[in-house]
2 protein chains.
Amino acid sequence: MRTALVIGTGLIGTSAALALAARGVTVYLADHDPEQARTAAALGAGTDTEPEGPVDLVIVAAPPAYVATALADAMRRGLGRGYLDVASVKGGPRRELEALGLEASLLSKYIGTHPMSGREKSGPLAATGDLFEGRPWVLTPTRETDTEVLNLALELVSHCRAVPVVMDADAHDRAVALVSHMPHLVSSMVAARLEHAEEAAVRLCGQGIRDVTRIAASDPRMWIDILSANPGPVADLLSEVATDLDETVRALRALQSSDEAKRREGTDGVENVLRRGNAGQVRVPGKHGTAPQVYEIVAVLIDDQPGQLARIFADAGKAGVNIEDVRIEHATGQQAGLVQLTVEPTAATVLTAALRERGWAIRQ
Amino acid sequence: MRTALVIGTGLIGTSAALALAARGVTVYLADHDPEQARTAAALGAGTDTEPEGPVDLVIVAAPPAYVATALADAMRRGLGRGYLDVASVKGGPRRELEALGLEASLLSKYIGTHPMSGREKSGPLAATGDLFEGRPWVLTPTRETDTEVLNLALELVSHCRAVPVVMDADAHDRAVALVSHMPHLVSSMVAARLEHAEEAAVRLCGQGIRDVTRIAASDPRMWIDILSANPGPVADLLSEVATDLDETVRALRALQSSDEAKRREGTDGVENVLRRGNAGQVRVPGKHGTAPQVYEIVAVLIDDQPGQLARIFADAGKAGVNIEDVRIEHATGQQAGLVQLTVEPTAATVLTAALRERGWAIRQ
């Protein structure tokens, strides 16, 4: 790919443009707000002038509501050899394009894609060429999609150092509902229980509820747009959760019964949901996209002075141990904290010995 | 307190004994399995001989099912001046003691307590004197509780360097249902959706669902015991979540409607749960037990070589910046990762400059 046109120079569009420009692609930048395009150009993402002729790839990174019309307009004007969008839901844009009466010969030049890497901030100033590095970038070609267009999309993904994942558009929408949209709403519902809770109760919060509710802090407006574009699959999954919920409530009520047999049923019901939770949790990919291998945790007590973590990691480094993950568990109302270092089992003993030797308090 | 008797030398009992012994308290250890008591004694938690006379404090750390009988037995034999248990649910033991017909003069010597610090491992060998350090330790005195007994309990808590929190027993049970038991079951239900999900979908999992489902990995048997002891409050909370869930499903279905007004209702419904989630999430205590202050995140790209974290933290230390929290976000199928350093706003610019200067790739 030698030339590209990015329509919509927000966070995603500008980040893709920066990655392409860094790889020597000539990038043209357009936005309904010329100021945005000028900003992106100033950041080195390309030029906000008009391309003389058709570019290799047109990337539509407009807000969800404008994607289909922006695509149809660009395709009818023949601005490129291939066209793609980066909207977070994929069934909609394609259906809208068809509804706009685009002929098959043009539709074959379009591929719907979704880079799985958002962030809190938005706009061109938040953009960065490495935004997509190592993240999945879903491509949703159909039987009609030109191979040339698929290859242009794959080239974009590799320039952005993302990991291409080919899926059917509707399968993608169900997948993001499963791994992102449904968990987000459930996290909000757990957090909502705390809104009017007594202070004394809230004081007892630990790392568990902290993790479960972390994503509930996100911006509602952004999530309303996301969820509005994918209501069906999300509602289906929430209904499944509702079924589990009702059965679990029934099981817990049975546990309050004086009847032995009923209590037994209750125990089985609770055990069932806990075991299915185990079975699902192990499928969440570990750091390297594989099923999580068994790691061991070495827990080190620290106080809250600067440099403590530095010393721990330096000591781990000296011992030649690679830290797979870190969690700092801070104690309620205290300066003291616990650093949990996740390492491969073979490394755990080495690390424990090395840190002990250097005077760290290790919790077995 | 000069003498204590620990009945039940598992993780909690032995850890408390280790803390007391370290503070010069003479600790007597007893367990229905003498081997366990011998092990605890061998770890320096005290002696597994019988006390000659009444001790200052009797700590019953037996499994939930045996707590009340063990307490009643110890109290009738007059083994101590004060008695407490450490079971994770507090309404039950007191009611069982009353059901066992213990006279008021004896009941006034008992206080129900709950140290909020479990861990994955169990048994005396997993015990450590700092297990309770900085964690909340709930005390549930009644109007009848002797002040002397409350003070003995407070002395134990301070010897264990825990943070005493006084609550009504039933308020405690509702609180742990809210901050621990209910979130645990909901996490299991989200994780359960992944059990039979397509591999392609599971590949799209990110940090969000990873956090929401982390606690779903816990041991079901342990959790059946915990939930069986507190079914009522947990069921009540799950029913509240179920109500939110049904309303949210209705709202999402409305978003699929062709009727403008209905879609508007849908948006309002979704926004409502998201905003209430925001309001609840901000109440989750931050690292120092306060409402979380606003922190800033400095994100640094790393590859997966040993020592990289060491260098980052060393560089942060040189800049005099105190890292409040760390999250390593690893990229699916990639060695590359993103280290998110949480720091106070004033420190963010200092840290960014310092790391840039030392050649780190900072994501703005």
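Chain identifiers are assigned alphabetically (A, B, ...) following the order of the sequence lines, protein sequences preceding nucleic acid strands; residue numbering begins at 1 within each chain. Note that this is a predicted model, so its numbers are computed, not measured.
If you measure heavy-atom distances from A:Ala217 to chain B, the contacts under 4.5 Å come from both the backbone and the side chain. Using a 4.5 Å cut-off between heavy atoms, A:Ile224 contacts chain B through both its backbone and its side chain. For A:Ser180, no part lies near chain B; criterion is any non-hydrogen pair under 4.5 Å. With a threshold of 4.5 angstrom between heavy atoms, A:Val166 does not approach chain B through any atom at all.
Interatomic distance, B:Arg275 CZ to A:Ser188 OG, rounded to the nearest 0.5 Å: 11.5 Å. Taking CG of A:Leu178 as the reference point, atom CD1 of B:Ile209 lies at 5.5 Å (rounded to 0.5 Å). The distance from atom NE2 of A:His181 to atom CG of B:Leu252, rounded to the nearest 0.5 Å, is 11.0 Å. Separating the CG atom in A:Asn230 from the CD atom in B:Gln256 is a distance of 9.5 Å, to the nearest 0.5 Å. If you take CE on B:Met189 and OG1 on A:Thr243, they are separated by 10.5 Å, rounding to the nearest 0.5 Å.
The number of heavy-atom neighbours closer than 6.0 Å to CD of A:Glu240, taken from other residues, nucleotides and ligands shown, is above 12.
Smallest separation of non-hydrogen atoms from B:Arg214 and A:Asp211: NE-OD2, 2.5 Å. Nearest heavy atoms, A:Cys205 versus B:Val284: CB-CG1, 4.3 Å. Across all non-hydrogen atoms, the minimal contact from B:Arg253 to A:Ser239 is NH2-OG, 4.1 Å.
B:Arg203 contributes no side-chain N or O that, together with a main-chain N or O of A:Pro136, makes up a donor-acceptor pair within less than 3.5 Å. Distance alone, capped at 3.5 Å, is enough to place a donor-acceptor pair between the B:Arg210 side chain and the A:Pro285 backbone.
Comparing A:Pro183, A:Ala251, A:Ala171 by heavy-atom pairs within less than 4.5 Å of chain B, the highest count is held by A:Pro183. Most heavy-atom pairs under 4.5 Å with chain B: of the set A:Ala361, A:Ser187, A:Gly232, this distinction falls to A:Gly232. Interface remark: of the candidates A:Ala191, A:Ser228, A:Ala175, A:Ala200, A:Ala191 forms the most heavy-atom pairs closer than 4.5 Å to chain B. Of the listed residues (B:Arg174, B:Arg221, B:Met182, B:Arg193), the one with the most heavy-atom contacts under 4.5 Å to chain A is B:Arg193. Heavy-atom pairs under 4.5 Å with chain B were tallied for A:Asp219, A:Leu185, A:Val270; the largest tally goes to A:Leu185. Between chain A and the residues B:Val202, B:Val165, B:Leu255, the largest count of heavy-atom pairs under 4.5 Å involves B:Val202. Between chain B and the residues A:Ile312, A:Val241, A:Ile215, the most heavy-atom pairs under 4.5 angstrom are made by A:Val241. Counting heavy-atom pairs under 4.5 Å between each of A:Ala316, A:Ala279, A:Ala254 and chain B puts A:Ala279 at the top. Counting heavy-atom pairs under 4.5 Å between each of B:Asp244, B:Thr213, B:Leu237 and chain A puts B:Asp244 at the top.
Contact check for A:Val212 versus B:Val186: no side-chain heavy atoms found under the 4.5 Å cut-off. No side-chain heavy atom of A:Arg263 sits under 4.5 Å from any side-chain heavy atom of B:Pro231.
B:Ala242 pairs by the side chain to side chain contact (heavy atoms under 4.5 Å, CB included) definition with A:Leu245, A:Asp246, not counting sequence neighbours. For B:Asn278, the side chain to side chain contact (heavy atoms under 4.5 Å, CB included) partners at least two apart in sequence or on another chain are A:Pro220.
A salt bridge links B:Glu199 with A:Arg283: at least one charged nitrogen is closer than 4.0 Å to a carboxylate oxygen.
Under the side-chain contact (heavy atoms from CB on, under 4.5 Å) rule, B:Val249 has a single partner from A:Leu238, A:Val234, A:Asp236, which is A:Leu238.
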- Query: How far apart are the C-alpha atoms of B:Leu274 and A:His184, what are their side-chain angles, what is the distance that settles it, and do they pass the side chain to side chain contact (heavy atoms under 4.5 Å, CB included) test?
  - Reply: CA-CA 9 Å; B:Leu274 292 171; A:His184 193 96; 3.8 Å; yes

